[in-house]
Amino acid sequence: MKKEQKHETDYIKKYQDEGYMTNYLFENGCLIDSESKYAYKPDEIFIVAHHRYEGMSDPDDMSILYIIETKDQKKGTHLIGYGPTADLEEAEFFKDIPKANYSKNADINELT
């Protein structure tokens, strides 16, 4: 995958304009809808797309923006750090999402 040049906020805005309004937080081993507080398990999450970023001034500043749909048709985004600063529990959560739940455009092989 090519390195993305746009900033995370550019993509978040783009997806919000397309209806991906829900913000998700990672807490206690689940992805939490910030409004309803529903705790999603990996098999309830579908990855529509992802965008990878590397900091311009600090290559260790790396993140992935996930574009998410859930089993109950909520649509939103979640930003996760990866590389040396990654939260290992959060990274494992995303690895536990079944490969069948990744869109062909999400390119799961680039993430695992």
J.: Can you find a heavy atom in the side chain of I80 that is under 4.5 Å from one in the side chain of F93?
T.: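 When only atoms from C-beta onward are counted, F93 and I80 do not touch, as no gap falls below 4.5 Å.
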
J.: Show which side-chain atoms of residues 15-25 pair as donor or acceptor with protein atoms under 3.5 Å away, not counting sequence neighbours.
T.:
{"residue": "Y15", "atom": "OH", "partner": "H51", "partner atom": "NE2", "Å": "2.9"}
{"residue": "D17", "atom": "OD1", "partner": "K13", "partner atom": "NZ", "Å": "3.1"}
{"residue": "D17", "atom": "OD2", "partner": "K13", "partner atom": "NZ", "Å": "3.2"}
{"residue": "E18", "atom": "OE2", "partner": "K14", "partner atom": "NZ", "Å": "3.0"}
{"residue": "Y20", "atom": "OH", "partner": "E69", "partner atom": "OE2", "Å": "2.7"}
{"residue": "T22", "atom": "OG1", "partner": "K75", "partner atom": "O", "Å": "3.3"}

J.: Do I32 and Y38 come within less than 4.5 Å of each other through their side chains, counting heavy atoms only?
T.: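 When only atoms from C-beta onward are counted, Y38 and I32 do not touch, as no gap falls below 4.5 Å.
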
J.: Any pair with a residue in residues 39-48 that passes salt bridge (charged side-chain N to carboxylate O under 4.0 Å, His left out), sequence neighbours left out, goes on the list, sorted by first then second residue, please.
T.: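 For residues 39-48, and leaving out neighbouring residues, the salt bridge (charged side-chain N to carboxylate O under 4.0 Å, His left out) pairs sorted by first residue read E44-K71.
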
J.: Identify, with sequence neighbours excluded, every residue that meets salt bridge (charged side-chain N to carboxylate O under 4.0 Å, His left out) alongside K74.
T.: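 Expected list: D33.
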
J.: Can you give me the closest heavy-atom contact between P42 and P98, atom names plus distance?
T.: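 Result for this residue pair: O-CD, 3.7 Å.
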
J.: Does any part of the side chain of I97, heavy atoms only, come nearer than 4.5 Å to the side chain of F46, both counted from C-beta?
T.: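 F46 does not reach I97 side chain to side chain.
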
J.: Considering only heavy atoms from C-beta outward, does the side chain of L65 approach that of T77 to under 4.5 Å?
T.: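 Answer yes - side chains close enough.
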
J.: Would you give the length of the straight line joining atom NE2 of H50 to atom OG of S103, rounded to the nearest 0.5 angstrom?
T.: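 If I round to the nearest 0.5 Å, the distance is 10.5 Å.
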
J.: Can you name the residues that form a side chain to side chain contact (heavy atoms under 4.5 Å, CB included) with E89, not counting sequence neighbours?
T.: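 Listed in chain order: F26, D87.
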
J.: What distance do I12 atom CD1 and D10 atom CG have between them, rounded to the nearest 0.5 Å?
T.: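 The CG atom of D10 is 9.5 Å from CD1 of I12, to the nearest 0.5 Å.
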
J.: Going from CD1 on I68 to NE2 on H78, what distance comes out if it is rounded to the nearest 0.5 angstrom?
T.: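 With rounding to 0.5 Å, CD1 (I68) is 6.5 Å from NE2 (H78).
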
J.: Tell me yes or no: between the side chains of D72 and Y40, is some donor less than 3.5 Å from an acceptor?
T.: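 Judged by distance alone, the side chains do pair up.
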
J.: Nearest heavy-atom pair of I64 and R52: which atoms, and what distance?
T.: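 It is CG1-CG, 3.8 Å.
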
J.: Using the salt bridge (charged side-chain N to carboxylate O under 4.0 Å, His left out) criterion, which residues pair with E27? Sequence neighbours excluded.
T.: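 Here no residue qualifies.
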
J.: Does any part of the side chain of I45, heavy atoms only, come nearer than 4.5 Å to the side chain of N101, both counted from C-beta?
T.: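 No, side chains not in contact.
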
